[in-house]
Amino acid sequence: MSRKEPLAYRMRPRTLEEFVGQEHIVGKGKLLYRMISADRLSSIILYGPPGTGKTSLAQIIANTTKSGFAKLNAVTSGVADIKRVVSDTQNSILNPQGRTVLFVYEIHRFNKAQQDALMPYVEDGTIVLIGATTENPYFEVNKALISRSTVFMLEPLKSEHIKKIMTNALTDNERGLGNYNLVLEDKVLDFLAETGGGDVRIALNALELAVLTTPPDSEGVIRITLEIAQDCVQKKALRFDKKGENHYDNISAFIKSMRGSDPDAAVFYLARALYAGESPDFLARRIMICASEDVGMANPRALEIAVAAAQGVHMIGMPEARILLSQAAIAVAVSPKSNASYMAIDKALNDVATKDTGEVPMHLRNAPVDGMSALGYGVGYKYAHSYEGGYVEQDYLPEKMKGTVYYEPTEYGNEKNIKSLMEERRKRWRKE
């Protein structure tokens, strides 16, 4: 291989035995391992974050299959390219096997028409599709293609996998860095493996950069210190796409951590989002929603804190906004929880949408014009402040909805007092 190619490219595994990680799908005896070893592939979709081995697996298949092999990049290819691959496959001179393994990189970039163009040839076996995508295929790939394919989910590589790959690169004289006189300081490999965020490409690129930019000492040794490695990484990479699935997974974990009363987890997922460039205003809105949906009347102050934080975030911006967001997220997380307010409005909306709920009672209706009282508008209304404690029993719901209960306070936090008060009033109703 040409040395102009990056180390990560040169060190791609050539066989299943060289492949590191993803034992759950390519470990000996696993389905994908058996399919590749026996050259009995059916259409598959490889789904996972960058640097986890999707393209490497496709290259291994290309090296082992007896069928034709072609690859397309969905970013730059179209229907004409698909037709060209099909035409070459159907040419018995060019392809005696009569089928082609087609690797489509970033298959989620194909539009519906392009994906549909593959369908008949995947259906009849002319094309064995290998689709690679960083996006959830169940959202981004046609259901018809998904139903004809086996989806394999690749996981972020573990630190020990990345360290093993880097060690292989350091000792490989043909493709790697084995010809360099290198000495690595303790914990350099640990650091690069951790900061890669499960992406071996990032780790290998940083390692190569460190080697190529560090001059040898008087003894001809290139010494890679932890400081040099840190400088080559600059900033730890996160698997986080503000418009992709990682965005939704992280924000889901953030909200569920606040709901689950774990302030440490809430701050962790908040930090991940901020580090990856998530909008502070968006995060503030999610905290406000959680403060009402999951805390509610158990601690009304939580919503006040969340709203105040949102206003402050809007006014001051980052980096100071992180402090306000942290305070608000922790306040929501440690608050007693109740979703009674949320359940009340959803139940009421469902009744309004599905039932004949009747009319507003006459005594509650507005009577701004003289003469309307003669028709019964506002007649019989009891003004609450004219009664002891500012409370008086009267019917507020329409006749058809009388007795319906929407708000059912819990025993938690401030709602315990509300529940006690409402139970006392209901006793008075029964007595009267």
Side-chain angles (χ1 to χ4, degrees), residues 49 135-136 138-139 197 238-353 405-422:
E135 303 294 329
N136 191 325
Y138 292 101
F139 297 149
L238 283 183
R239 292 186 302 107
F240 195 99
D241 178 354
K242 288 185 285 184
K243 296 182 180 179
E245 186 182 15
N246 291 319
H247 157 81
Y248 294 106
D249 287 345
N250 195 79
I251 202 64
S252 174
F254 176 49
I255 293 166
K256 287 170 182 172
S257 298
M258 288 190 290
R259 179 184 299 143
S261 301
D262 188 333
D264 301 309
V267 170
F268 168 73
Y269 290 113
L270 173 64
R272 274 175 56 95
L274 289 172
Y275 187 90
E278 187 66 85
S279 164
D281 288 329
F282 169 78
L283 294 169
R285 290 195 296 271
R286 302 313 305 179
I287 295 172
M288 283 192 288
I289 293 168
C290 192
S292 185
E293 177 181 343
D294 296 303
V295 176
M297 292 302 294
N299 179 17
R301 284 279 297 150
L303 182 58
E304 295 176 19
I305 293 171
V307 171
Q311 291 175 334
V313 165
H314 183 70
M315 292 174 67
I316 66 175
M318 288 292 286
E320 291 83 358
R322 76 191 190 283
I323 306 168
L324 283 69
L325 290 170
S326 178
Q327 178 184 350
I330 290 170
V332 171
V334 301
S335 288
K337 302 297 190 296
S338 170
N339 68 347
S341 303
Y342 158 57
M343 298 300 290
I345 186 60
D346 273 11
K347 184 178 177 182
L349 281 169
N350 183 67
D351 281 354
V352 169
V405 175
Y406 292 110
Y407 177 53
E408 301 182 60
T410 67
E411 293 280 354
Y412 309 122
N414 184 64
E415 275 199 328
K416 185 174 183 179
N417 298 328
I418 297 172
K419 184 174 183 179
S420 177
L421 177 64
M422 291 184 66

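Only heavy atoms go into these numbers, but all of them, side chains included; no hydrogens, no water, no symmetry mates. Throughout, residue positions are numbered sequentially from 1 according to the sequence presented.
- The heavy-atom pair separating S335 from K337 by the smallest distance is O-NZ, 2.7 Å.
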Item to check | Residues S420, K416; criterion side-chain hydrogen bond (donor to acceptor under 3.5 Å, both in side chains); working and verdict | outcome: CA-CA 6 Å; S420 177; K416 185 174 183 179; over 6 Å; no
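- To the nearest 0.5 Å, the span separating OH on Y407 from NZ on K419 amounts to 10.5 Å.
- Looking at M422 and P409, their side chains come closer than 4.5 Å, going by heavy atoms from C-beta outward.
- Considering all non-hydrogen atoms of both residues, N250 and R272 come closest at OD1-NE, 2.7 Å.
- Here N339 contributes atom CG and Y412 contributes atom OH; the two are 10.5 Å apart, rounded to the nearest 0.5 Å.
- Across K347 and V405, no two heavy atoms sit closer than the pair NZ-O, 2.8 Å.
- Atoms OH and CG, on Y406 and N350 in that order, are 9.0 Å from each other to the nearest 0.5 Å.
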Which donor-acceptor pairs under 3.5 Å do side chains of residues 304-330 form with protein atoms, sequence neighbours excluded?
{"residue": "E304", "atom": "OE1", "partner": "R301", "partner atom": "NH1", "Å": "2.6"}
{"residue": "R322", "atom": "NH1", "partner": "P319", "partner atom": "O", "Å": "2.8"}

Donor-acceptor pairs under 3.5 Å, side chain of residues 284-295 to any protein atom, not counting sequence neighbours: which ones?
{"residue": "D294", "atom": "OD1", "partner": "R259", "partner atom": "NE", "Å": "2.8"}
{"residue": "D294", "atom": "OD2", "partner": "R259", "partner atom": "NE", "Å": "3.3"}

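- Here Y269 contributes atom OH and D262 contributes atom CG; the two are 9.0 Å apart, rounded to the nearest 0.5 Å.
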